[in-house]
Amino acid sequence: MYNNESAGPEFDEFLDLLGERVRLKGWEKYRAQLDTKTDSTGTHSLYTRYQDYEVMFHVSTMLPYTANNTQQLLRKRHIGNDIITIVFQEPGALPFTPKAIRSHFQHVFIIVRVHEPCTENTYYRVAVTRSKDIPLFGPLFPKGARFPRSPAFRDFLLAKAINAENAAEKSEKFRSMATRTRQEYLKDLAENYVTTTPIDSSTKFPLLSLGGKRKEKLKGAKGAELHSAGALVWAVTVVQGGENNGLSLSCLLGVSAESVVLIERSTRTVIFNCSCRDVIGWKAVTEPGAQGGPSLDIFYERGEAVTVTTSESQVEDIKEVVQRLELVTRGCEAREVIPLRDGVGQPGFLMSEEGFVTELQRFGYAESGGLQLGARVVRLCGQVLVHLSLEERSRLLRTAQKIHITVIPPDENGKPRRSFSELYHKAIQDAESKSGEGQSGEAWVLDDDEEVEVDGGRGEKEEKKEIENKTSDSETLKQELLGEQMVFPEPMETDSLLSPPSLPLLRATSLQDSMKSQSPEVTPVSPFYNLFLLILVLSETTDSSEEEWQSISDLASACRNILEALSREGEKCDSPGHLEEKVSQLEAMLKRLQDDLQKEKEDKAMLQAEVQSLRQNNQRLQEESQSTVSRLIKVTELLCNVNKPC
């Protein structure tokens, strides 16, 4: 692919759809590491704009070509370092596998195959393959989709490529590379751009005070630091294993605009970390004299909880943490509800397995206590709900002396509060179940021991399986309709290097309809004639050989003799003239099929000759390599003998 010297008309048509060709020398917009001064990376390139993005393509046929360099390093240094690669396939191109390209950066391949190029009916088929550590990205498309050549297809392809780039940056490999780069930049700032010279804040030439009033110092708004993007840190104590017999750890609680982190102070290890988008609520205890002192419960993801405490003198820290959480998360304050049981011992509400209140008894104790539909129960009788099985929840609701639940109210729209992780996994599951992209060539995950071949959305294994099923179906239909007395020749064996063609199973009625359209005066055929048509069509579905065609010719002659005998005996059948006309039409069709068979044989002979030539070349190369190895061994022995001391 790197050694293509020029683009064909199909590829040029595709490039014209994507963008415009621009002159690199003197180019002042986004250049994508291309040389815009000396033309060392080619004279032209492909450029376009999509929404707020500037896109410059690294086109293989526009990058410099080196005649004596099969690796084409001048092209590979650009394309091989790109994350997203678009592979264009012309009609008849071989299947593409991502494992044919070894690169540390190429993580997503978008394969575009053109059909009926350079016509008014041009359309494209698309398949996408991605590395296994890259999450799914849109826009999604249905199985077997065909995209006509239009601006809408261009917008779809550009959006797919840009989203693939953004998704790749979230993978573990690129995230660690970005983190390492930021650390090097910060280290460079701290070591090379820090001064120890004190700065005198007083003015060099103070002016005389005219009014006698001292100018008040400007003070920032109170709590302005709570709006910062960086992390704010508080000293807290984390209780693990429960407040009674748990282990207390002295930690630092950091809340940034993106994450909530707990770091143990003695070992400086991170013991808790979650995204701010996963925080669904919190419960603060700031009343003086409360048991255990001031505390804060932070609920995240599916209702998990982490509890931090402070001393009585630091109760303001708990309030500041709550204010910070209100600004950087979508959660809210949790509520304590104690619903009383009704006359039959029921709590008056039902909840789902995730803890969402689905049914609420009207005007019951639970509703009057502040419980709402859509609220999320995170604690039941002092225990985290997600840690309890369904049997344990039912037992607590039935046998607990007092039902004590902690709930997170629904959002402003009355919908249950879910964390971003829950919404993301739910969207991924819905998308995979509806779109079926893994089966249609879209978003294929590559494992280390798995090879994915993309050929217009269908692989070679599926084609072979389809052909085997059709062949078995046709043989079964032959035996059912013609009986065990009729013997059909076995399909001929094809060379393992040649892929068998996919032949659809035709029906006799479709062939009759086509013949009626060609000759309107044809009358309905007899049952024997239907049998003759069926034999001919079933023979077409299998692989062709001379014995098969001879068998078909014999069957045609036998059926013609039977029809002539029936016409002479006065059976209710078509007139001999019409029968002769139909038989002659079938013979002409048989002649055309024989010509096609001869052409296929010639093509196969040419392919076999090429295979034989390749085998001979391979054998010759092996012999030359063995001869070279033997010469090297002799030279090595001679050198060793010369270097030996006398």
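Proximity of a side-chain donor or acceptor of Asn273 to a complementary backbone N or O of Val261 within less than 3.5 Å is not detected. Without hydrogens or angle criteria, Arg324 side chain to Val255 main chain gives a donor-acceptor distance under 3.5 Å. Side chain of Asp278 to backbone of Ser421: a donor-acceptor contact under 3.5 angstrom is found. At least one donor-acceptor pair under 3.5 Å links the side chain of Thr41 to the backbone N or O of Asp35. For the pair Arg113 (side chain) and Ala127 (backbone), a donor-acceptor distance under 3.5 Å is absent. No side-chain donor-acceptor contact under 3.5 Å links His78 to the backbone of Ala32. The main-chain N or O of Glu116 is found under 3.5 Å from a side-chain atom of Thr122 such that the two form a donor-acceptor pair. Side-chain N or O atoms of Ser45 include none that pairs as donor or acceptor with a backbone N or O of Val59 at under 3.5 Å. A donor-acceptor pair under 3.5 Å is formed between the side chain of Lys160 and the backbone N or O of Pro139. A distance-only check finds a donor-acceptor pair linking the side chain of Arg75 to the backbone of Ser60 [under 3.5 Å].
Counting heavy atoms from C-beta outward, His115 and Asn121 have side chains that stay 4.5 Å or more apart. Two residues are said to be in side-chain contact when any heavy atoms from C-beta on lie closer than 4.5 Å; Leu158 and Tyr53 fail this criterion. A heavy-atom distance below 4.5 Å is not found between the side chains of Tyr65 and Asn4. Using a 4.5 Å cut-off on side-chain heavy atoms (C-beta onward), Val55 and Tyr30 make no contact. A heavy-atom distance below 4.5 Å is found between the side chains of Phe88 and Glu10. Contact of the Val308 side chain with the Val321 side chain is not registered, since no non-hydrogen atoms from C-beta on lie closer than 4.5 Å. Inter-residue side-chain proximity for Glu165 and Val108 is flagged as unmet; no heavy-atom pair is nearer than 4.5 Å. Phe96 is listed as a side-chain neighbour of Ile101, based on a closest heavy-atom distance under 4.5 Å.
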ask   = Yes or no on side chain to side chain contact (heavy atoms under 4.5 Å, CB included) for Phe153 and Val112, after CA distance, side-chain angles and deciding distance?
value = CA-CA 11 Å; Phe153 174 63; Val112 180; 4.2 Å; yes
*Step by step, would you call Glu320 with Asp317 a side chain to side chain contact (heavy atoms under 4.5 Å, CB included)?*
CA-CA 5 Å; Glu320 290 180 357; Asp317 290 351; 4.1 Å; yes
- Item | Working for side chain to side chain contact (heavy atoms under 4.5 Å, CB included), residues Phe14 and Leu157 | CA-CA 11 Å; Phe14 179 66; Leu157 203 59; 3.7 Å; yes
Give the C-alpha distance, both sets of side-chain angles, the deciding distance and a yes or no for side chain to side chain contact (heavy atoms under 4.5 Å, CB included) between Trp282 and Thr329. CA-CA 11 Å; Trp282 53 85; Thr329 71; 3.4 Å; yes
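Under a cut-off of 6.0 angstrom, the local environment of CG in Asn413 is crowded, with over 12 non-hydrogen atoms contributed by other residues, nucleotides or ligands. Within 6.0 Å of atom CD in Glu90, more than 12 heavy atoms from other residues, nucleotides or ligands are found, so the atom counts as buried in its surroundings.
Tested against Cys274 for a side-chain contact (heavy atoms from CB on, under 4.5 Å), the candidates Leu262, Ile298, Val260 yield a single pass: Val260. Checking each of Arg149, Arg154, Arg21 against Asp16 for a salt bridge (charged side-chain N to carboxylate O under 4.0 Å, His left out) leaves exactly one that passes, namely Arg21.
Salt-bridge annotation for Glu624 and Arg620: present, with a side-chain N of the basic residue lying under 4.0 Å from a carboxylate O of the acidic one. Look at Arg23 and Asp39 and you find a salt bridge, because one of the NZ, NE, NH1 or NH2 atoms lies within 4.0 Å of a carboxylate O, short of that distance. Ion pairing of Asp133 with Arg175 is absent here, as no side-chain N (NZ or NE/NH1/NH2) approaches a carboxylate O to less than 4.0 Å.
The distance from atom OG1 of Thr129 to atom NE2 of His107, rounded to the nearest 0.5 Å, is 11.5 Å. Going from atom CZ of Arg418 over to atom CD1 of Ile280 covers 10.5 Å, rounded to the nearest 0.5 Å. With values rounded to the nearest 0.5 angstrom, Leu327 atom CG is found 10.0 Å from Leu232 atom CG. One finds the CG atom of Leu17 at 7.0 Å from the OG atom of Ser150 (value rounded to the nearest 0.5 Å). Within the model, atoms CD of Gln51 and CD1 of Ile162 stand 7.0 Å from one another, a figure rounded to the nearest 0.5 Å. Atom-to-atom distance recorded for Trp27:CH2 and Tyr47:OH is 5.5 Å, nearest 0.5 angstrom.
Counting all heavy atoms, side chain and backbone alike, Met56 lies closest to Leu46 at SD-O, 3.2 Å. Taking each heavy atom of Glu301 and Glu422 in turn, the nearest pair found is O-OE1, 3.3 Å. When all heavy atoms of Gln72 and Thr66 are compared, the closest pair comes out as NE2-O, 2.6 Å. When every heavy atom of Ala167 is checked against every heavy atom of Pro135, the shortest pair comes out as O-CD, 3.6 Å. Here the closest non-hydrogen pair linking Phe11 and Ala7 is CD2-CB, 3.3 Å. The minimum heavy-atom distance linking Glu54 with Lys29 is given by the pair OE1-CB, 3.5 Å.
Note: Tyr124 and Phe156 fail the aromatic proximity criterion, with ring centroids not under 6.0 Å apart.
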